[in-house]
Undergrad: 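Before I ask anything, here is the structure I am working with.
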Amino acid sequence: MNGKVRTRFAPSPTGFMHIGNLRTCLYAYLFAKKEKGTFILRIEDTDRERYVEGAVDLIYRTLETAGIKHDEGPDVGGNYGPYIQSQRKEMYLEYAKELVKKGGAYYCFCSKERLESLTDENGNRKYDKHCLSLSEKEVQERLSKGEKFVIRQNIPQKGESSYDDMVFGHISVKNEDMEDNILIKSDLMPTYNFANVIDDHTMGITHVIRGMEYLSSTPKYNLIYDAFGWERPKYIHLPPIMKDANRKLSKRYGDANFEDFIEKGYLPEAIVNYIALLGWSPKNNVEIMSMQELIEHFSVDGISHSPSIFDEEKMKWMNGEYIKKLTPEEFVKRSISYFERSKIKGKYDYTELAKLLITRVSLFSEIEEKVNFLEEFESYDPEWFDNKKMKCDKELSLKIIKESEKELKKLDGFDEEKLQCAVEKIAEKAEAKKGQVYLTLRLAVTGKQSTPGGGVEMCNILGKEESLKRLEFSRKLLENALKN
Ligand code: GLU
């Protein structure tokens, strides 16, 4: 290859971006950036039946959220545009006509009925090159009469076509096993079989990176490059990502949609890191890598031949690792919408809560459930103050609560440090251990036996007024229980 590496991601706008598509995109990006090359986004929208409104925006949005920046594309421009296939329509037809002249393709006028009659007893059908024998004159006459046509690829009947894939090695297909596929449809739109070649060539793509479903049709595409006398690109085909041992991840079943994961509270950088490792492993076996590190370590030798299984639990673990690295302020900034949809919306200091949550959630969507309890303070079983392990009982708890009310009232300013000092005093005055004070405080101000963080953290988050209100409630609850 002469010159700079150029790779592309060529999604079809079908309204969905699943993890498999995104991984293809990521690898094409990583490879280009590792080689200091150019990464291109091309929209393959020639199949109008599958086109979904808004799908192109979804593609832009997904790339942006994932931190994958294309150097050329419909939205950012470039010297090889247009980057949307439907805007390149005329060009394909021109090239197809040229290919006809070069003998690599031919016009076909066969009717639907004739094509159907070629079906064998097993339901298989292979075009019999019928129209290849039409004379040029006859073709011209039928074209000038406005007869409907398609243009088919002319595949040699003998021999083999082969190439070396950078992941799967030598791939060879017998020519007799390939069909003279349609390159230009009767609506004059190209099929994928043709457009991918014309686009990759005219966009100067040096390395074609895509799913392995194209592995065995690539020899056919190479024949088109050869017929034009063009240099073939290099190929990197990727094994599929499986849902389980038997089923591929599929957009048809709504599996593993990138935006759904974002909605569930995954950090995009964690998703990207996880999918980078689905089918590729770095030499140093490090798991947590930033985009920059992925670029540095990426190499085609690390791409596996075998399918990988998408394991959401593992991705969740990785997300938790990314969350642990956030500062409380970053945590709040990135998860604010989850706080805002919880019962504590607008109350309490989110940053203080974030300090407790950082090590306790692996997904932002877990925040809601973990903070709602703060607003769910209600009567609880006073027997819970009896704790054998901590040698605590209702009498001691009552003493602790009374002392807590006094000490907390005295506090000028309310923070964890001040509360810790108060706990020392409470323990002394109530003749209790600090552990017993923490335990009692937690139950008294939340009505819960377990919370993220202990009594001091809970009081700190609730604030002075609310803590005192709840201590008073708990004191009365205990006094009543002890009366009976
Ligand atoms: N539009 C094709 C797809 O989404 C792209 C295949 C390729 O990368 O060549 O599967």
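Each ligand, and each atom within it, is numbered from 1 in the order the structure gives.
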Undergrad: Before signing off on this row, confirm whether Glu44 and ligand 1 have an N or O atom pair separated by under 3.5 Å.
TA: yes
Undergrad: Of the non-hydrogen atoms in Tyr92 and Pro190, which two are nearest, and what is the gap between them?
TA: CD1-CG, 3.2 Å
Undergrad: Under the side-chain hydrogen bond (donor to acceptor under 3.5 Å, both in side chains) rule, what do Glu293 and Ser290 come out as? Steps first, then yes or no, please.
TA: CA-CA 5 Å; Glu293 288 164 327; Ser290 66; 3.3 Å; yes
Undergrad: Checking the N or O distance criterion of under 3.5 Å, is ligand 1 in contact with Val208?
TA: no
Undergrad: Can you see whether Tyr322 has Lys325 sitting over its ring - NZ or CZ less than 6.0 Å from the centre and within 45° of the normal?
TA: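 Here Lys325 passes the 6.0 Å and 45° test against Tyr322.
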Undergrad: Would you check the N or O atoms of Ser12, main chain and side chain alike, for any that come under 3.5 Å of an N or O of ligand 1?
TA: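 Yes: some nitrogen or oxygen of Ser12 is under 3.5 Å from one in ligand 1.
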Undergrad: Looking at residues at least two apart in the chain, or sitting in another chain, which of them share a side-chain contact (heavy atoms from CB on, under 4.5 Å) with Glu329?
TA: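 Here the qualifying residues are Thr327, Thr351.
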Undergrad: List for me each residue that meets side-chain contact (heavy atoms from CB on, under 4.5 Å) alongside Ala32, sequence neighbours excluded, and say none if there are none.
TA: Thr7, Phe39
Undergrad: For the side-chain hydrogen bond (donor to acceptor under 3.5 Å, both in side chains) test, which of His201, Arg210, Gln85 pairs with Asn196?
TA: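 By the side-chain hydrogen bond (donor to acceptor under 3.5 Å, both in side chains) criterion, Asn196 pairs with just one of His201, Arg210, Gln85: Arg210.
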Undergrad: Taking only heavy atoms of Arg210, which atoms of ligand 1 are found under 4.0 Å from at least one of them?
TA: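 In order of numbering, the contacting atoms are 7 (C), 8 (O), 9 (O).
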Undergrad: Look at ligand 1 and say whether Phe9 reaches it with a heavy atom at a distance under 4.0 Å.
TA: no
Undergrad: Which of these, Tyr214, Tyr235, Tyr221, has its nearest heavy atom closest to atom 3 (C) of ligand 1?
TA: Tyr214
Undergrad: Work out whether the distance between some heavy atom of Arg8 and some atom of ligand 1 is less than 4.0 Å.
TA: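 The answer is yes: ligand 1 sits under 4.0 Å from a heavy atom of Arg8.
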